[in-house]
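In what follows, a structure is listed as structure tokens, so that the remarks can point back to it.
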2 protein chains.
Amino acid sequence: MTYDYRHMVALADPTRRQVFELIAANPRSVTELARLLPVSQPAVSQHLKVLRDARLVRAEPRGASNIYHIDPEGLGEMRAWLDSMWTDALGAFRDAINTKRETKVCRQPPR
Amino acid sequence: MTYDYRHMVALADPTRRQVFELIAANPRSVTELARLLPVSQPAVSQHLKVLRDARLVRAEPRGASNIYHIDPEGLGEMRAWLDSMWTDALGAFRDAINTKRETKVCRQPPR
DNA sequence: GATAATCATAAGTCATAGCTTATCATAATC
DNA sequence: GATTATGATAAGCTATGACTTATGATTATC
């Protein structure tokens, strides 16, 4: 199974994180989000598109408004990736620990 | 507790993800990584710095080389965030579902 | 039906982040 | 000790992505 890291990309931007966290705290409309943030309404809509594509949020039309709320799907996909990473990579990590040889430390590793 | 999303930022870049996945598959030196990737050695070093700061990888000096391997710390922090997100946000999500009113769907939600 | 409100998309600007080459520091080898 | 190998950092260039204003589409309201 191949993972495209859409969630990481979506959550890498600070403003988009604020949008996501505001929605996580409470479902909200686009204008409400725009009012709470220091960016324009189109900027918010653009961020919402990215979050939507990552299935981190969902839009629910309510009259002329769009109420956005958390979508469990995206978080679930992240969890699945993290779990497989955990078992695979950390399994390999444990192996590396166990078969590690004695090495005299000659210098400091980078910062 | 406040989370700074360093891991997401680190894993948002495609080249940096390749670096991470190569290391996850097998501990490797910087030159080996540079040989396997279509970018220069300094580029690899710069990516490694970001991954290091996010505690996703660790450097282990072995002679003149630096062998990089997975650091469980970063993945653990990610898991902690995801778990809290899961309980908090999805708890709120369930509440929203339960108290949801009947709404006639008047238009399609955005793509 | 006209007006107002909400929100998505288009087009264009600009700052940031990732890349390069150049260089320095440290460790191994002859 | 001189040379080679390894890798981190510096400085500068450039492409990507986040922002803006403008606009169109849909829904509610008068």
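The analysis underlying the following values was restricted to heavy atoms, covering all of them including side chains, and did not include hydrogens, waters or symmetry mates. Every chain is numbered from 1, with letters handed out A, B, ... down the list of sequences.
- Distance, A:Leu51 CG to D:dA18 P: 11 Å, rounded to whole Å.
- Residue pairs that meet the ring-ring contact (aromatic ring centres under 6.0 Å, His included) test with at least one member in residues 7-30 of chain B, sequence neighbours left out, are B:Tyr3-B:His7.
- Listed here is the closest heavy atom pair of B:Pro72 and B:Ile70: CD-O, 3.8 Å.
- Summarising the geometry, the separation between NE2 on A:His47 and P on C:dT9 is reported as 15 Å, rounded to the nearest angstrom.
- Closest-nucleotide positions on DNA chain D for A:Val9 and A:Pro42 were compared, and the one nearer the 5' end corresponds to A:Val9.
- Pairs engaging residues 17-33 of chain A under the salt bridge (charged side-chain N to carboxylate O under 4.0 Å, His left out) rule: A:Arg28-A:Glu32 [sequence neighbours left out].
- Judged by distance alone, the side chain of B:Arg58 and the main-chain N or O of B:Asp71 form no donor-acceptor pair under 3.5 Å.
- Rounded to whole Å, the distance from CG on A:Leu48 to P on D:dC19 is 12 Å.
- Residues B:Tyr5 and A:Leu11 approach most closely at CD2-O, 4.0 Å, considering heavy atoms.
- If you take CG of A:Asp13 and C1' of C:dA17, they are 13 Å apart, rounded to a whole angstrom.
- When distances are taken from the side chain of B:Lys49 to each of D:dT9, D:dA18, C:dC19, the shortest belongs to D:dT9.
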Report task. Decide side-chain contact (heavy atoms from CB on, under 4.5 Å) for A:Arg6 and A:Val50; before the verdict, give the C-alpha distance in whole Å, the side-chain angles of both, and the deciding distance to 0.1 Å. Result -> CA-CA 9 Å; A:Arg6 268 176 307 166; A:Val50 177; over 6 Å; no
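- Scanning both residues, B:Gln108 and A:Pro61, for their nearest heavy atoms gives C-CG, 4.5 Å.
- Rounding to whole angstrom units, CD of residue B:Gln108 and P of C:dT6 are separated by 22 Å.
- Across the protein-nucleic acid pair, A:Leu33 atom CG and D:dC19 atom P stand 14 Å apart, rounded to whole Å.
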Return a table of donor-acceptor pairs under 3.5 angstrom between the side chains of residues 34-46 of chain A and protein atoms on other chains or two or more places apart.
unit_1  : atom_1 : unit_2  : atom_2 : d
A:Ser40 : OG     : A:Ala43 : N      : 3.4
A:Gln41 : NE2    : A:Ser45 : OG     : 3.1

Nucleotide N/O to protein N/O under 3.5 Å, stretch nucleotides 3-7 of chain D:
unit_1 : atom_1 : unit_2  : atom_2 : d
D:dG7  : OP1    : B:Val30 : N      : 3.3
D:dG7  : OP1    : B:Asn66 : N      : 3.0
D:dG7  : OP2    : B:Thr31 : N      : 2.6
D:dG7  : OP2    : B:Thr31 : OG1    : 2.3

Interface polar pairs with nucleotides 11-14 of chain D, N/O, under 3.5 angstrom:
none

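- Under the 4.5 Å side-chain criterion, counting only non-hydrogen atoms from C-beta, A:Leu75 is in contact with A:Leu56.
- Rounding to whole angstrom units, CZ of residue B:Arg17 and P of C:dA17 are separated by 16 Å.
- When distances run from any side-chain atom of B:Val39 to the nucleotides D:dT20, C:dT21, C:dC19, the shortest one goes to C:dC19.
- Per the geometry, CG belonging to A:Leu11 stands 16 Å off P belonging to D:dG17, to the nearest Å.
- The two residues A:Val9 and B:Ala12 come nearest to each other via the heavy atoms CG2-O, 3.6 Å.
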Query - Working for side-chain contact (heavy atoms from CB on, under 4.5 Å), residues A:Leu48 and A:Leu33 - result: CA-CA 10 Å; A:Leu48 286 170; A:Leu33 290 166; 4.2 Å; yes
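- In this structure, the side chains of B:Arg79 and A:Met85 stay at 4.5 Å or more apart for every pair of heavy atoms.
- Out of D:dA8, D:dC19, C:dA8, the shortest distance to the side chain of A:Arg52 is found at C:dA8.
- An angle of 30°, rounded to 10°, separates the two end axes of the helix from C:dG1-D:dC30 to C:dC30-D:dG1, each defined over five pairs.
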